[in-house]
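Take a look at the structure set out below.
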Protein chains: 2
Amino acid sequence: MAASSDYPADTSASSLPEATVVRLPVYFRGLVELAEEGVTTVASQQLAELAGVNAAKVRKDLSYLGSYGTRGVGYDVGFLMLQIGRILGGNEPAPVVIVGAGNLGKALSRYDGFGASGFPVAAIVDADPVVVGRKVAGVTIRHVDDLHEVVGEAGCQVGIIATPAAAAQGAVDRLVDAGVRSILNFAPTVVTVPDDVGLRKVDLATELHILGYYEHRRGANRATG
Amino acid sequence: MAASSDYPADTSASSLPEATVVRLPVYFRGLVELAEEGVTTVASQQLAELAGVNAAKVRKDLSYLGSYGTRGVGYDVGFLMLQIGRILGGNEPAPVVIVGAGNLGKALSRYDGFGASGFPVAAIVDADPVVVGRKVAGVTIRHVDDLHEVVGEAGCQVGIIATPAAAAQGAVDRLVDAGVRSILNFAPTVVTVPDDVGLRKVDLATELHILGYYEHRRGANRATG
DNA sequence: TAGATTGTTAATCGATTAACAATC
DNA sequence: TAGATTGTTAATCGATTAACAATC
C-alpha cells in the first residue's frame, strides 16, 4: 500500500466516504464566495451555513482530508480551496463528449457553461451520416460508430446523451465501453450502467419522476392533513 | 391519521424511504421494457437484473408499497406499473419553467424529451426586456420579475436554470419562493436551496466536479496500484 | 405434494449527530 | 489565562443484505 505519487496518498488514492465526496463541491463553492469577499479564515459553523448543512458534518468531512484546521481559529480559506480543488480532479479540464447532434446536442455544444466549469466539449458524435463532418462550435461531428476512438483521442471523461429515447441505452453502452467515468442522460428514458465502482450517472427522466413523487405526496398531505 | 383520499393512504401520504423512492423510476423503466415484450409476470431476481440492483433490495422496496407479489410466482407486471406509476406522480404532467432564454434555454424549450417524459415546458422567463414577448416552441417568453406569477399560472413544478453563473442563485431563490419542487441547474456554479424537505436539486457543476474526483482517484490508483 | 418465490427478520454497514476533550 | 473552535468519540439512525419461514 505504498504511495508513489508526489502528494500525500491517503486523500487521493484512498476512498473518501461517498457522502463526503458529494458535499466537497458545495464546500468549494462556499469557499470561493468567501475568497471573493476577501475572507481568509472560516469556522465550520460559517461554512456549514453557506453549504446548507450542520457544523458537525463540515468538521467530520474536512477531517477526512487531514487536520487542516486550527483549533480556536478555524480553517484557512485559500489552503482549504487548494486541498479540495486538488481532490476534485486537480482542476485539470475533463473533456466532454456529446452523443447526438440534434437540436439539443448542438445547443449543449454551443453552451459555454461546460467549458466555464472546466469541462470543455471536446467531441460530438451522431448516427446520421448526413451531419457527420459538419462543425458545431468549432468541433467536427464524428460518426457514433467511431465513439470509442473519438473518446480515446480527445480523452473524454464525461458523456452526455442527447439522442432520442430509443437510442439512449445503446449510446450509454458504447460510452461505458469507451471508458468515460460519468454520464448525463437527457433522453426521456432511464438507462442502466454496469455496477462498476465510480461510474456516475444522472438520468433527467429519473430526477423528474422522483419530483413527481414529492409533488404527489405534497398534494396528498394537503388533502389529508 | 385517517385518510380521506380515494386510494390507500399509506403508500402515498406516508414517506417511503428516500433510497426506495430513488429506485422506483428505475424499476418502472424495467417494467415498461417487460410489458413491451409482452411479459406479464416478473420475479424479484429478473427485475433486479434489469434495474442493476440485487433481488433482496427489490423485494424490500416493493414491500413498502404493499404485498403486491405472489409467493412462488412473482409480481404482475401491469399491476406493479400501475402502482409505481401512481406513486410517482400519478402520471399527471408536471409542467416545467425554464429560466433564461439564451441559446441553451431556447434549445431546452424546443427539446421534445421533457414533454415525452411527462414534463412539458409550460413557461420561459428571461431578464432581457428585448426578448420578452417573443415565442419559443409556442411558449411566450415572460419577464423573470413575473416568475412567481408565471409559475402560479402554469402550475410549474420543475425549474430549469439556464442563466449565466452570476444570475443562477437569484433564479433559484425566486423559483423556491414561487414554490417549484425540483430544480435542475445548468449554470456553471453550485447553488444552494433552503433545507426544506422534498425540494430536490441537481447541479450539473457539482455532478461534473464529483466526476473529477473519481477520475482523479482512478489516475492515482493506476499510478500506485 | 414439491418447487419456487415472496415478505420479513435480524445482522451489518455506512452516515449523521451531539458532545466534549484537546488545543490554539 | 479565558474564549473559541477543532478533531474525535460514541450513540443513533437509515439503508443494505443474507437468510428463511410463509405460502402460492
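Chain identifiers are assigned alphabetically (A, B, ...) following the order of the sequence lines, protein sequences preceding nucleic acid strands; residue numbering begins at 1 within each chain.
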*Is any side-chain heavy atom of B:T41 closer than 4.5 Å to a side-chain heavy atom of B:T70?*
no
*Would you call A:V158 and A:V180 a side-chain contact if the rule is heavy atoms closer than 4.5 Å?*
no
If I compare all heavy atoms of [X] with all of [Y], which pair ends up nearest, and what's the gap?
| X | Y | value |
| --- | --- | --- |
| B:V190 | A:R29 | O-NE, 3.4 Å |
| B:V97 | B:V151 | CG1-CG2, 4.1 Å |
| B:V32 | B:M81 | CG2-CE, 3.8 Å |

Mind checking [X] for me? I need base, sugar-phosphate or nothing, with any heavy atom below 4.0 Å counting as a touch.
| X | result |
| --- | --- |
| A:T20 | nothing |
| B:E18 | sugar-phosphate |
| B:A56 | base |
| B:A43 | sugar-phosphate |

_Contact interval (first through last nucleotide) of DNA chain C with protein chain B, 4.0 Å heavy-atom_ = C:dA4 to C:dT9
*Watson-Crick or G-U stems involving DNA chain D, each at least 3 pairs long, distances under 3.5 Å, ordered by first number*: C:3-24 with D:3-24
*How many angstroms lie between OG in B:S109 and CD1 in B:I160, if you round to the nearest 0.5 Å?*
8.5 Å
*Given the rule in the side chain to side chain contact (heavy atoms under 4.5 Å, CB included) test, do A:V26 and A:V53 qualify, once you have shown the distances and angles that lead to the verdict?*
CA-CA 10 Å; A:V26 183; A:V53 300; over 6 Å; no
*Residues touching DNA chain D, which here means a heavy atom under 4.0 Å, drawn from residues 70-79 of chain A*: A:T70, A:R71, A:G72, A:V73, A:G74, A:Y75
*asked:* For a side chain to side chain contact (heavy atoms under 4.5 Å, CB included) check, start with the C-alpha distance between B:I161 and B:L175, then their side-chain angles and the critical distance, and finish with the verdict.
replied: CA-CA 9 Å; B:I161 311 286; B:L175 282 170; 3.4 Å; yes
*Decide yes or no on side chain to side chain contact (heavy atoms under 4.5 Å, CB included) for B:L208 and A:F114, but give the supporting numbers first.*
CA-CA 9 Å; B:L208 294 172; A:F114 292 116; 4.0 Å; yes
*Give a yes or no on whether the ring-centroid distance for A:Y64 and A:Y27 is below 6.0 angstrom.*
no
